[in-house]
Amino acid sequence: MSAHDPFQRVTAIVDLGAVERNCALLAGKLSAGTELCAVVKADGYGHGMGECAEAALRGGATRLAVATATEAFELRERVGAQVPIFVMGALTGAELDVALQARAELTVWTAEFLTELAERAGMFGFRPRIHVKYDTGMGRLGEREPFGVGRLADAAAADERIELAGVWTHFATADEDDESYLREQLERFREVALPIQERHPEITLHAANSAATLRGPEFHFGMVRCGVAVYGLDPFGRDPRPLGLEPALSLHTYVADVKRFHAGESAGYGRTWKAPGDVWVAVLPTGYGDGFRRGLSNACDVLIRGRRYPLVGTISMDNLTVDLGPETEVVPGEPAVLIGEQDGEEVNAEQLAESLGTINYEITCGLSARVPRAFRG
Ligand SMILES: *Cc1c(COP(=O)(O)O)cnc(C)c1O
């Protein structure tokens, strides 16, 4: 049992070795010539963008992707000039300048934006690499019209001021058991993207997120864009360990107090839990202000001394309470684990997500800035 860090109320420990090994595992599934692009948007899904980007590169990723211009800018300062950074999201005019300053590769899906980009590129003195996005059925960003995609790609390739780097799409249901819609999207993409690649052989086609990457090589093309699996989270929402993925993030706090409750006494706002008999209750100084969601009130377990104990009562902004049962050896100052392993027991992000009716992505992304990230490995 690792001792609680006496200086930290709550800490997210991020195992960068796990990030590295998860990337090596993903890269090992790709055929020669297919690149692994590690998606590190939203502060590396809450794990720390810069540190995780470096670990991903050590593990075999050759490219990085983010959602926004500011993310690209921060990442460029961290990883240096050589690593390709791809901005997947929409950009305002001001953001376009920031992304160009970061020498990022950009997404295009309208002729207007292609023109604006080409005009602005001149002021930056280099040829930006652009990826034309085809909306094959996600129903978000991207050109929906197959011929429009071809026209945009040809226009980009013909424009001296920019470079056509890729054609890409994004799947809506790669994480679902039923593959029919996924296969429809794949077919639509192949029909449009393969002829474009015949005309422009140097470009990269890409479509797969983590779930599609794990499904098989027919989704891989020249590059895969993996996010959630890089962090050891299961894209299918189950236990990541059977896939060989290692959860990189664990969330640690401690027992600030232990007190005796008599039958009927309540813990927390709204008195949503009352002691069923005489029990001991631990108070842990972590709450929804740290991103440990209030929806987990009376709905998850906490690890103390390598045992699972039920979280009881309503989670406050800064505190939560745990039922230790009628007898306990737990004393104030002991470490407690909210996400992660302790002496062979584990509470993972997938279990918390299920209790909340959400996905594991939101569990780690939701940890607030108040939680310090400590890096290991
Ligand atoms: C976030 C994102 C990804 C990564 O998806 P995961 O499911 O986390 O692997 C890939 N592509 C796009 C366009 C994204 O927005």
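Note that the coordinates shown come from a computational prediction; the quantities given were computed from them, not determined experimentally. Note that ligands are numbered from 1 as they come in the structure, with each ligand's atoms numbered from 1 the same way.
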Could you tell me whether Glu119 and Arg161 make a salt bridge, using a distance below 4.0 angstrom between a side-chain N and a carboxylate O? no
To the nearest 0.5 angstrom, please state how far the CG atom of Leu26 sits from the SG atom of Cys37. 12.0 Å
Could you tell me whether the side chain of Val230 reaches within less than 4.5 Å of the side chain of Val39, counting heavy atoms only? no
Would you please classify the geometry between the Trp273 ring and the Phe261 ring as parallel, tilted or perpendicular, with 30° and 60° separating the classes? tilted
Donor-acceptor side-chain pairing of Asn298 and Thr272 below 3.5 angstrom: yes
Heavy-atom distance under 4.5 Å between the side chains of Thr204 and Gln197, does that happen here? no
Write out the protein residues near ligand 1, meaning a non-hydrogen atom under 4.0 Å from one of its atoms, in order of chain and number. Val39, Lys41, Tyr45, Met88, Arg140, Trp168, His170, Asn209, Ser210, Arg225, Cys226, Gly227, Val228, Tyr361
